[in-house]
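Single-structure report; data block below.
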Amino acid sequence: MSADPYGSGPGLLDAEADLARPLATRPARHRAVEPAIARSWLLVPGTRPETFGDMAASRADAVVLDIEDAVDPSKKPQARADVVQWLRAGGRAWVRINDASTPFWADDLAALARIPSLAGVMLAKTESPDQVTATFDRLGGNAPVVALIESAIGIEDAAHIARARGAFRLAFGSGDFRRDTGMSADADAMAYPRARLVVASRVGDLPGPIDGPTVGTSMPTLREHSAITVSMGMTGKLCLAAEQAPVINEVICPTPSEVEWAMDFLADFEGRGRVIRDGSDLPRLGRAQKIEKLALAFGVHPTS
């Protein structure tokens, strides 16, 4: 069984026990997680400002206030204003903004520029590196941009998008991608676009990409989908409800047994004077160091 990423109990049992409680009574996340390794990215409709505070206190590693797909065009100005007001009042979150081909994009950026508590933006329907860089520049060059790739054009240009100035991570808009291409949601069908994003992230020297969301309330399905996320080399996942975050965090996390192996390997490596014995030592050293870093960030302890 995997560890509770917050170090508060045996893991998934605690996470699923939380689901039976009202959100306001569930424990807040125990530690801040750097966005480069954030696992759960919670999308929150910008039309519901009364929920922003509760969602920011949820177990999601990153909260994304959504003023794009979640908002009818007639309500976008009000949603944008509510998001800006909440951020200026001291709230901190990411914001999913409208894509660069729409008239809302420039207005979103003008409203969000120079807000210190803006964590960054998620750029919807990214299809070119120029869109990323233009977004980054309009925000003053100090707000990271998660490029949400949702089309065949975006997938095929993912490596260039990952190299764009201002690009922070790539994310997969799987629903819109399926609508664009007619592909099914099967793991085999989605393997190609996921792999493209993983390879592009490596080419662009970015953290691992963020997978698309799981629709529905089935936690076993969510766990299965999150395991596919991990198997493909992705290191985060969008989520549509706060209740999904603990399960995503638990699956996209080193297990206690993995942490124990890493600690043992690193101790042995130091004990032998950091001598490389054969060709397998360097890859194992890299894996052990990565697990150690994540274990410290997520509060995972060895099994013994």
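Rounded to the nearest 0.5 Å, atoms CG (Leu87) and CZ (Phe52) are 8.5 Å apart. Rounded to the nearest 0.5 Å, atoms CD (Gln78) and CD1 (Ile67) are 12.0 Å apart. To the nearest 0.5 Å, atoms CG (Asp211) and CH2 (Trp41) are separated by 13.5 Å. Atom CZ of Arg194 is separated from atom CD1 of Ile228 by 6.0 Å, given to the nearest 0.5 angstrom. In this structure, Leu222 CG and Met219 CE are separated by 6.0 Å, a value rounded to the nearest 0.5 Å.
Atom CZ of Arg284 has more than 12 neighbouring heavy atoms from other residues, nucleotides or ligands inside a 6.0 Å radius. Residue-environment remark: CG (Asp278) exceeds the threshold of 12 foreign heavy atoms within 6.0 Å. Annotation for Gln85: atom CD does not count as buried by contact number, only 12 or fewer foreign heavy atoms lying within 6.0 Å. Within 6.0 Å of atom CD in Glu270, more than 12 heavy atoms from other residues, nucleotides or ligands are found, so the atom counts as buried in its surroundings. Counting heavy atoms of neighbouring residues, nucleotides and ligands inside a 6.0 Å radius, atom CZ of Arg272 exceeds 12 of them.
In this structure, the side chain of Thr126 does not engage the main chain of Ile149 through any donor-acceptor pair within 3.5 Å.
Residues Val121 and Arg96 have side chains not in contact (no heavy-atom distance under 4.5 Å, counting atoms from C-beta outward). In this structure, Leu123 and Ile97 have side chains that are in contact, with non-hydrogen atoms separated by less than 4.5 Å. Inter-residue side-chain proximity for Phe172 and Pro193 is flagged as met; some heavy-atom pair is nearer than 4.5 Å. Proximity of Phe104 to Asp99: side-chain heavy atoms (C-beta onward) are nowhere separated by under 4.5 Å. Side-chain contact between Asp66 and Val71: absent, with no pair of heavy atoms (C-beta onward) separated by less than 4.5 Å.
A donor-acceptor contact under 3.5 angstrom links the side chains of Asn249 and Ser40, judged on distance only. With 3.5 Å as the limit, one finds a donor-acceptor pair spanning the side chains of Thr235 and Arg169.
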Decide yes or no on side chain to side chain donor-acceptor pair (under 3.5 Å) for Asp130 and Ser128, but give the supporting numbers first.
-> CA-CA 5 Å; Asp130 290 345; Ser128 76; 5.1 Å; no
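In terms of heavy atoms, Ala167 sits closest to Val132 at N-CG1, 3.7 Å. Across all non-hydrogen atoms, the minimal contact from Val300 to Pro254 is CG1-O, 3.5 Å.
Arg92 forms no cation-pi arrangement with Trp86, by the criterion of a distance under 6.0 Å to the ring centre and an angle within 45° of the ring axis.
The only member of Arg80, Lys76, Glu68, Lys125 that meets side-chain hydrogen bond (donor to acceptor under 3.5 Å, both in side chains) when paired with Asn98 is Lys76.
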